[in-house]
Each structure stands twice: as C-alpha cells, then as structure tokens.
2 protein chains.
Amino acid sequence: MKLEQNIKIAVDAIVFGYADNHLSVLLIKQKFGELKNQWALVGGFVKDNETLNDAVNRELKEEAGIKVNYLEQLFTFGDNIDRDPRFRVISVAYFALVNSTKLVLTADTDAEDAKWFPIKELPTLAFDHKDILNTALLRLQNKLTYQPIGFDLLPKEFLFSDLENLYCTILEKEIDRRNFRKKILSFGIIEETDNFSPKKSGRPAKLFRFNKLKYNKLAKDGFLFDINFA
Amino acid sequence: MKLEQNIKIAVDAIVFGYADNHLSVLLIKQKFGELKNQWALVGGFVKDNETLNDAVNRELKEEAGIKVNYLEQLFTFGDNIDRDPRFRVISVAYFALVNSTKLVLTADTDAEDAKWFPIKELPTLAFDHKDILNTALLRLQNKLTYQPIGFDLLPKEFLFSDLENLYCTILEKEIDRRNFRKKILSFGIIEETDNFSPKKSGRPAKLFRFNKLKYNKLAKDGFLFDINFA
DNA sequence: TTATATATGCGTAAATTATACGCAAATATA
DNA sequence: TATATTTGCGTATAATTTACGCATATATAA
C-alpha cells in the first residue's frame, strides 16, 4: 500500500469566558510566520505521543497559562486545503469554558500575547478561525438549552441573577426571571449557600452553588435537562 | 519551528441501514495486513487534495459501491496511539444512513467483502472500531429524538407503522402508536400519497412520503422537532 | 357466509408542564 | 420617610403530553 500523505494535524481551542454580562473568547497573537501579529485561536500541532486532549491542554497551558473548566471536542476542520503552503493542515477543534475568575490572565507565563475579546468586538482572525468560532458559538448556544454548562462559566458561588443574565446574554433573548428560577431549581442540581452577595441596590440575594454530583447522578439516569424558554 | 509529525489521517464511516425491524451496520472484511480477514468499518486514508467528505464518499464507493442518504461528521478518534506500528493514525469518523433499498449490496463493484451485520450480531471488529460504532449508535439514538433522520433509513414511500417500528427498534422502547402518529403528523413534514401498501392482514394503510423542502423550511426557522416519548 | 384476528385512523379526557403575570419583602439612595 | 430596585414566592391560564376508547377495513379461519 502506497501512502505518501503530506498532512499535519493540529488542535485548536475555542475558549469562552463570561464576565460582566459579556461573553468573551480567548485569542493569541501569532508570533511567527506570514500571519505574524494576527490574532488566532489557541492551538498548535499534535505531538506523536500525546492524545488529542493532552495536546489541547498543553497548548492552553503553554500559550495562555490557563486550565479550563469544561472541554469537549467540537469538530474537525479539514477542507481548507491551502491554509499552509508547506503542507495541508487538518485541525481538530475543541470547545472550552472557563469560569469568570480566570478571565484575568496571569502575566507569569509566556502568555503576554493572549487576550480576551468580547464576542461582539472580535478582531480579524487568522486562517479559518472565524468559521471555527462561529461553529463553537452555535454549539454553546445549543448546549446551553439541554445541558447545564452555564455553571462552568460562573464562579463557584453565584447569584441567580448572574445565571439568568448569562442565559439571556448568550442566547440573546429575554427570559422570565421567575420561570427561569423555578425551572432551574426544579432540576435539583443547585443548592443554596449561607452566603449573601453585596449589592448596589435592591434586596440582598443568596448565593447558590452547582452540585456536580447530583447532576452526574441525574445525567447517568438519562434525565433530560430541557432548559428552553419561550 | 521544528515539525516532524509522524501521524496519518484516515476517515471511517459507520453506515446504518434498517430493514425488517432490524438495524444493521455495513462492515468490510480486511484484505491485507496483520488484520487480514477481520471485519472493520468502511474507511481509509485521506488523500492530500480531497476534503474529508470527499474521502469518505470515495471510500464508500470503492469499498462498498454505495451512496448514502445522510452523512455527518461524528467524532475524531486519536487516542489509540499504537493502532498501526508504522505510524500513528488519527481517524475522523463519519455517521451515515442509507435507505432500505440499498441494503442489498450490488456485486458489480469490488465489494465482495462488504456485508451488513445486524447490530445485535456483530463480529469482532478491528482496531478501536467497536468504540466508534458505540459512539455512532448513541448518536443515532440521540439524534432520532430531535431531528427527523428516520426517513433516511426508509424507502421513499413508507407506512406509519414502519416509521413507528423503526423508532421502537432503534430506541429500544415502546411508543404509543396513536400518539406517535399525532406528533409526527403535527410537524407537517410528511404527506400522504395515493398509494396503499399490500398487507398480510388488517386494514390497508396509506403510504407516506417525507417532504424535505418543508423540513428544511422549518429547520431554518429554528423549529424544534421534539420527538421524545415517555 | 360468518366469525375472528389484526392493523389502521381518528378522537378525547386527564395529567402534566409551560407561560404570563401579581405582589410582598429587603435593601440603597434620594 | 419616600422611592427605586432586586429578590423570592405564588397562582391562574394556556398548551402539551399521556393514556386510552373505538369504529373501520382487510385477511384468514371456521
């Protein structure tokens, strides 16, 4: 069997973060090559002896010094045959979420060129990274309606209003506050804490916490988290 | 930038077919190599200048002489680092459906070693193809509940009872016949024909046809096809 | 010819869930 | 003390799901 394949395999990560009612994406400024100074997704080539997951996590650490809360394979992009003149590149894209405490990038890594961009203020992106990003955004919006991944974008303890705003912001629609609360509570996967959050005005609100154990239990039994609102 | 990556990229297809109340998968008997005479998924290495989709369709034609009704990317499997001693193989798996008229493989291709296996009577599979198959089966079951892909497994004109049995068989559960009919009809994506199907006993039943145009219209408007039953 | 088994096609009551709100409570600020 | 603001709980109504009943149309057996 002849096999002279000149294709290299890369991984890319679309990392979403949420803070102050804004959804953001983590981007890296390219240091080398023709695309020097262009913004791109975190990513790089896969080493011969590491899994795809390991490769993504390594790149996330090397390029942005970050550990993500949620990671899943998104899609493999391989149709852009002329992306690099030296060889064809096929990219396995990953979808990642970090909680808001990680939205400030630490300066002690070589991550000086990593930056968060609000999803509404993106720069021009290298390669086909704009397409990948759009695919990821659709996945995020979709997944939000049937899997409770919103918690991975929030700090450990959060207000109901934070969670509600997150849904409204990412899904770009109004949701009735009281019905939202009722439905989320009905799942039995978040619990009250004894803590309150300081507020500028209005009645003080309890902080809540996501109970991953209870979620896993329900998910294993095939419980359907239907988080859709009119 | 040093880059000595010794990885080859392949595509594999999990092709599902449905006939006589049985879900089946298309497998190929390996002709060469260490795994000679073992059964495996349709698949092969990607050529330098073809898209991933083209690669899958080419393999489907070459190895089984088949054109599929539905094809989508499933998942990229890359963790099985020692699959081939010569190099590492990363496989982009595709999920495919054919309608029941194609369940008889034509002998005029080099497909003499292609065969349909009922999902409940699988042989031992090569590589990690059993894992890939399981992933595909879960995808099929899941997708059936929110996207009307069942029609891609049936002939152009079909009985409601065929569709119902397909759902019962693949999802492995009982569904109330009358409620099933009501819900599917409520979507407005299938239409009556003037034809009847010959039956062994019982009242003659009308044949129905899937209207893809109406489906596409609804899908574009974000209509939710909730095909879940208690 | 008549009875029986089988599958279809239509309908409806009851249970459940979703939607649209009302409103008191608790705080900051004017 | 009044006002604006946000929270937390509740409830009536609409919509949907679920569990069936039953007449109809055919093949086959008696």
Side-chain angles (χ1 to χ4, degrees), chain A residues 20-21 144-146 148 150 154-155 157-169 171 173-209 218 222-230, chain B residues 20-21 144-146 148 150 154-155 157-169 171 173-209 218 222-230:
Chain A
D20 304 317
N21 294 353
L144 220 47
T145 68
Y146 66 87
L154 292 174
E157 303 202 344
F158 55 87
L159 296 173
F160 238 108
S161 48
D162 292 337
L163 187 63
E164 187 209 329
N165 284 327
L166 184 149
Y167 270 79
C168 293
T169 304
L171 300 178
K173 68 172 169 180
E174 298 286 304
I175 297 173
D176 183 273
R177 178 176 56 83
R178 293 149 293 185
N179 291 337
F180 178 81
R181 187 189 180 100
K182 238 183 305 181
K183 187 174 245 179
I184 300 287
L185 282 176
S186 76
F187 297 146
I189 54 174
I190 75 168
E191 52 200 21
E192 268 181 43
T193 71
D194 295 329
N195 307 327
F196 282 76
S197 172
K199 302 190 74 70
K200 282 153 205 159
S201 79
R203 179 174 169 172
K206 283 176 225 153
L207 287 164
F208 288 82
R209 192 187 305 134
L218 286 168
F223 183 88
L224 291 174
F225 295 91
D226 176 5
I227 322 180
N228 263 295
F229 296 90
Chain B
D20 304 319
N21 294 353
L144 219 47
T145 67
Y146 67 87
L154 292 173
E157 302 201 344
F158 55 87
L159 296 173
F160 238 109
S161 47
D162 292 337
L163 187 63
E164 189 209 328
N165 284 327
L166 184 149
Y167 270 79
C168 292
T169 304
L171 300 179
K173 67 172 168 180
E174 298 287 304
I175 297 173
D176 183 90
R177 179 176 55 84
R178 294 149 293 186
N179 292 337
F180 179 81
R181 186 188 181 101
K182 238 181 308 179
K183 187 174 245 177
I184 300 288
L185 282 175
S186 77
F187 297 147
I189 54 176
I190 75 168
E191 53 200 21
E192 267 181 45
T193 71
D194 296 328
N195 307 327
F196 282 75
S197 172
K199 300 190 76 72
K200 281 152 203 160
S201 78
R203 178 173 172 172
K206 283 178 223 151
L207 286 165
F208 288 81
R209 194 187 303 131
L218 286 169
F223 183 86
L224 291 175
F225 296 90
D226 176 6
I227 321 179
N228 263 295
F229 296 90

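Since we're looking at a predicted model, the values are computed, not measured. The chains referred to below are lettered A, B, ... by the order of the sequence lines, with proteins before strands, and numbering in each begins at 1.
If you take OG1 on T169(B) and CG on D162(B), they are separated by 10.5 Å, rounding to the nearest 0.5 Å. Note that the CD1 atom of I184(B) and the CG atom of N179(B) stand 11.5 Å from one another [nearest 0.5 Å]. Rounding to the nearest 0.5 angstrom, the gap separating the CG atom in L144(B) from the CZ atom in F225(B) is 13.5 Å. Between atom NZ of residue K183(B) and atom CG of residue D176(B) there is a gap of 11.5 Å, rounded to the nearest 0.5 Å. Rounding to the nearest 0.5 Å gives a distance of 9.5 Å between OG of S161(B) and CG of N21(B).
The interatomic distance linking L163(A) (CG) with dT6(D) (P) rounds to 17 Å, in whole Å.
Contacts of F229(A) classified as ring pair (Phe, Tyr, Trp, His ring centres under 6.0 Å), with partners at least two apart in sequence or in another chain: F180(A). Applying the side-chain contact (heavy atoms from CB on, under 4.5 Å) criterion to R209(A), with sequence neighbours excluded, gives E157(A), E191(A), T193(A). Partners of T145(A) according to the side-chain contact (heavy atoms from CB on, under 4.5 Å) rule, which considers only residues two or more places apart in sequence or in another chain, are L171(A), N228(A). Every residue meeting the ring pair (Phe, Tyr, Trp, His ring centres under 6.0 Å) condition with F158(B), not counting sequence neighbours, appears here in chain and number order: F151(B). Scanning for side-chain contact (heavy atoms from CB on, under 4.5 Å) contacts around L185(A) gives F160(A), R181(A), I190(A), F208(A), with sequence neighbours left out. Residues forming a salt bridge (charged side-chain N to carboxylate O under 4.0 Å, His left out) with D226(B) (at least two apart in sequence, or on another chain): none. Shown here are the side-chain contact (heavy atoms from CB on, under 4.5 Å) partners of P155(A), two or more places apart in sequence or in another chain: S100(A), T101(A).
Contacts between residues 185-200 of chain B and DNA chain C, defined by a heavy-atom separation below 4.0 Å, involve K199(B), listed by number.
The salt bridge (charged side-chain N to carboxylate O under 4.0 Å, His left out) analysis of residues 195-208 of chain B, with sequence neighbours excluded, yields the pairs E192(B)-K206(B).
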One character per nucleotide, please: for nucleotides 11-20 of chain D, 5' to 3', B when the base has a protein heavy atom closer than 4.0 Å, S when only the sugar-phosphate does, - otherwise. B-----SBBB
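Along DNA chain C, read 5' to 3', the first and last nucleotides having any atom under 4.0 Å from a heavy atom of chain A are dA18(C) to dA28(C).
DNA chain C contains the following stems of three or more consecutive Watson-Crick or G-U pairs, with both distances under 3.5 Å: C:1-30 with D:1-30.
Nucleic acid contact for R177(A): base, since at least one base atom lies under 4.0 Å from a heavy atom of the residue.
A donor and an acceptor atom sit less than 3.5 Å apart, one in the side chain of R203(A) and one in the base of dT7(D).
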